[in-house]
J.: 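What follows is a single structure, and I will ask about it in a moment.
As the structure is a prediction and not an experimental result, all values here were calculated from the model.
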Amino acid sequence: MKKLMRWTLPLAVAVVLGTLLVASAAARRAAPERTAANADVCVLLPDTKSSVRYELFDRPYLAAAFKAAGVSYNIVNAQGDQNKQRSQGDQCLTNGAKVILVDALNSGVGAAVENAAASRNVKTIDYDRLVLKGKASYYVSFNNVAVGKLQGRGVVAGLKAKGMYSKKPVVAELNGAPTDNNAKLFKQGYDSILKPLYANGTFKKGPDTSVPDWDNQKARTIFDQMLVRTGNKINAVAAANDGLAGAVVASLQARKLKPIPLSGQDATPQGVQNILAGWQTMTVYKSVRAEANAAAKVAIAIIKGQPVKTNATINNGSRVVPAIFLTPVTITKRNYTLLFKEGFLKRSQVCVGKYRKYCT
């Protein structure tokens, strides 16, 4: 009988404790919570392939801004998968998001997400990339045509510095994804600088190709083919971002060719390292902190019913969208430390290994 009592008492205690735990869990589920599952703001990031910026910069800056405002949020990344991004958008709506920041993989999936949101009276904000014919209430980005102009001017400056400007240099163009409207705007910008020089015979236009999905490995293959077609006679490259520029550098180094004027964008650690080592002429610094804070400010204002201040408008192909445009900055060897001063990059991310000797 004593043995039976020794076994049944702990069992009874366990049952009671289990019942209490279940009841407690049920009570927690019944109580409203401000967690990622029912976040007020949902952020759809596109990938990690087109740029390292999304996880390295955008995610932490956006998270910090929403946290500081006391707004619940959920930030997800589609990792380059259109179906996944659409599914993530649907999940945001299911979880009761009031605002969705859309950094779309392309305008097709972006418009699908925004149409679904509009059908539920959920506001959307185009973040960094404009969704053509979308339903976004606002667009927050940099002036991307201005970004391209900086890239074009960088290529011209690089050719002048190498004494090649007056020697009819062959200039190739390695553009971003054809499905990304930003890539078209960048190209519009650098073509506005380069086309007049092609037209008057100062420069000779070389191969001009867009890179599917901003894929750096595909960019390497494409540039390898450019070199083969031209017999290595490419004197400069307008590359749409640092990842594509890195593919050019890898291709040149593999063939034991010398550095050529080369543009970039995003001020990534690799891009800055290539600049310091003399393999890349410039990059474009777009303060992701400023962009993320501006977008977060718009989302927070919408949630709190406050007015949104804009400084521009843009036509998305079907309507005019109020916009906030920020100003890009050229980065070269002369001013790269600005990235450290503003906390965009850490010296330890750039000045390491074989690149340490180039840092001042």
Side-chain angles (χ1 to χ4, degrees), residues 51-53 56-57 142-167 169 171-176 186-187 189-194 197 202-203 223 234-253 257-291 326-360:
S51 177
V52 298
R53 61 166 279 186
L56 198 60
F57 305 123
F142 285 81
N143 185 327
N144 292 313
V145 174
V147 169
K149 288 182 178 181
L150 294 181
Q151 292 172 318
R153 290 176 187 139
V155 170
V156 170
L159 285 166
K160 286 181 176 179
K162 286 185 175 290
M164 290 293 295
Y165 181 86
S166 60
K167 297 181 180 180
V171 180
E173 298 185 18
L174 198 58
N175 314 303
F186 302 145
K187 181 171 174 57
Y190 50 74
D191 274 350
S192 72
I193 303 297
L194 299 174
L197 296 170
T202 302
F203 294 172
F223 191 70
I234 292 177
N235 304 114
V237 181
N241 75 357
D242 288 350
L244 304 187
V248 172
V249 171
S251 184
L252 293 172
Q253 291 178 340
L257 298 173
K258 294 181 179 180
I260 59 177
L262 174 64
S263 67
Q265 181 186 177
D266 291 335
T268 62
Q270 179 201 29
V272 178
Q273 288 173 336
N274 284 335
I275 289 171
L276 294 177
W279 283 97
Q280 186 172 323
T281 308
M282 56 80 70
T283 188
V284 178
Y285 168 40
K286 302 184 301 183
S287 174
V288 180
R289 186 195 299 272
E291 186 179 20
L326 295 94
T327 304
V329 177
T330 294
I331 295 294
T332 65
K333 282 183 180 180
R334 292 184 178 182
N335 68 340
Y336 75 94
T337 55
L338 172 68
L339 302 172
F340 304 151
K341 291 174 183 176
E342 295 201 355
F344 184 75
L345 292 180
K346 296 178 181 178
R347 186 175 288 271
S348 60
Q349 291 175 292
V350 176
C351 304
V352 294
K354 64 182 180 181
Y355 299 101
R356 190 190 306 275
K357 63 184 178 183
Y358 300 115
C359 293
T360 55

J.: Could you state the interatomic distance from CG (Leu339) to CG (Leu345), rounded to the nearest 0.5 Å?
T.: 5.0 Å
J.: What verdict does the side-chain hydrogen bond (donor to acceptor under 3.5 Å, both in side chains) test give for Gln273 and Tyr358, after you've listed the backbone C-alpha separation in whole Å, the side-chain angles of each residue and the deciding distance to 0.1 Å?
T.: CA-CA 9 Å; Gln273 288 173 336; Tyr358 300 115; over 6 Å; no
J.: Does the pair Phe223 and Val237 meet the rule for a side-chain contact (heavy atoms from CB on, under 4.5 Å), with working shown?
T.: CA-CA 10 Å; Phe223 191 70; Val237 181; 3.6 Å; yes
J.: Return the minimal non-hydrogen interatomic distance between Ala240 and Gly176, and the atom names on each side.
T.: CB-N, 3.6 Å
J.: Give a yes or no answer on whether the side chain of Gln151 reaches the backbone of Gly264 with a donor-acceptor pair at less than 3.5 Å.
T.: yes
J.: Taking Gly271's backbone N and O only, do any of them form a donor-acceptor pair with Asn274's side chain (distance below 3.5 Å, no angle check)?
T.: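 No; zero donor-acceptor contacts below 3.5 Å.
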J.: Nearest heavy-atom pair of Ser348 and Val352: which atoms, and what distance?
T.: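 Ser348 and Val352 have their closest heavy atoms at O-CG1, 2.8 Å.
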J.: After noting the C-alpha distance and the side-chain angles of Val156 and Leu194, does the key distance pass the side-chain contact (heavy atoms from CB on, under 4.5 Å) rule?
T.: CA-CA 8 Å; Val156 170; Leu194 299 174; 4.3 Å; yes
J.: Under the 3.5 angstrom rule, does the side chain of Asn335 hit a backbone N or O of Thr330 as a donor-acceptor pair?
T.: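 Side chain of Asn335 to backbone of Thr330: a pair is present.
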J.: Could you tell me whether the side chain of Thr327 reaches within less than 4.5 Å of the side chain of Asn143, counting heavy atoms only?
T.: no
J.: Indicate yes or no: at least one non-hydrogen side-chain atom of Leu276 is less than 4.5 angstrom from one of Val350.
T.: yes
J.: Please check: side-chain N/O of Gln349 versus main-chain N/O of Lys346, any donor-acceptor pairing under 3.5 Å?
T.: yes
J.: Could you check if a side-chain atom of Glu173 sits within less than 4.5 angstrom of a side-chain atom of Tyr190, using non-hydrogen atoms only?
T.: yes
J.: Begin with the C-alpha distance, continue with both residues' side-chain angles, and end with the deciding distance and a verdict on side-chain contact (heavy atoms from CB on, under 4.5 Å) for Val284 and Val329.
T.: CA-CA 6 Å; Val284 178; Val329 177; over 6 Å; no
J.: Can you tell me how far CG of Leu150 sits from OH of Tyr285, rounded to the nearest 0.5 angstrom?
T.: 14.0 Å
J.: Give, for atom CG of Leu56 and atom OG of Ser51, the distance between the pair rounded to the nearest 0.5 Å.
T.: 8.5 Å
J.: For the OG atom of Ser263 and the CE atom of Met282, what is their distance to the nearest 0.5 Å?
T.: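 Separation between the atoms: 6.5 Å.
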J.: Checking Thr283 side chain against Gln265 main chain: does a donor-acceptor pair fall under 3.5 Å?
T.: yes
J.: Can you see which heavy atom on Ala236 is nearest to which on Leu159, and at what distance?
T.: CB-CD2, 3.9 Å
J.: Tyr355 and Ala277: which non-hydrogen atoms are nearest, and at how many Å?
T.: CE2-CB, 4.0 Å
J.: What's the spacing between Leu262 CG and Ile234 CD1 if we round to 0.5 Å?
T.: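 Reported to 0.5 Å precision, the distance equals 11.0 Å.
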J.: To the nearest 0.5 Å, what is the distance between CD on Gln280 and CD on Gln270?
T.: 7.5 Å
J.: Examine distances only and state if a side-chain atom of Thr281 and a backbone atom of Gly154 form a donor-acceptor pair shorter than 3.5 Å.
T.: no
J.: Report yes or no: does Asp266 contribute a side-chain atom to a donor-acceptor pair with the main-chain N or O of Thr268 at less than 3.5 Å?
T.: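 Checking the backbone N and O of Thr268 against the side chain of Asp266, no donor-acceptor pair under 3.5 Å is found.
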J.: Quick one: closest heavy-atom pair of Leu326 and Ala290, and the distance?
T.: CD2-CB, 3.5 Å
J.: Mind checking whether Phe340 and Cys351 have side chains closer than 4.5 Å, heavy atoms only?
T.: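 Sidechains of Cys351 and Phe340: in contact.
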J.: Quick one: does any side-chain atom of Asn144 pair with a main-chain N or O of Val147 as donor and acceptor, under 3.5 Å?
T.: no
J.: For a quick check under 3.5 Å, do Tyr165 and Asn235 share a side-chain donor-acceptor pair by atom type?
T.: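 Side chains of Tyr165 and Asn235: no pair found under 3.5 Å.
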J.: Go through it in stages, so that I can follow the logic: the residues are Glu291 and Lys286, the test is salt bridge (Lys or Arg N to Asp or Glu O under 4.0 Å), and I'd like the CA-CA distance, side-chain angles, deciding distance and then a yes or no.
T.: CA-CA 8 Å; Glu291 186 179 20; Lys286 302 184 301 183; 5.9 Å; no
J.: Taking Lys333 as the fixed residue, which of Thr360, Ile275, Val272 is the one that meets the side chain to side chain contact (heavy atoms under 4.5 Å, CB included) rule?
T.: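 It is Ile275, the one option of Thr360, Ile275, Val272 that forms the side chain to side chain contact (heavy atoms under 4.5 Å, CB included) with Lys333.
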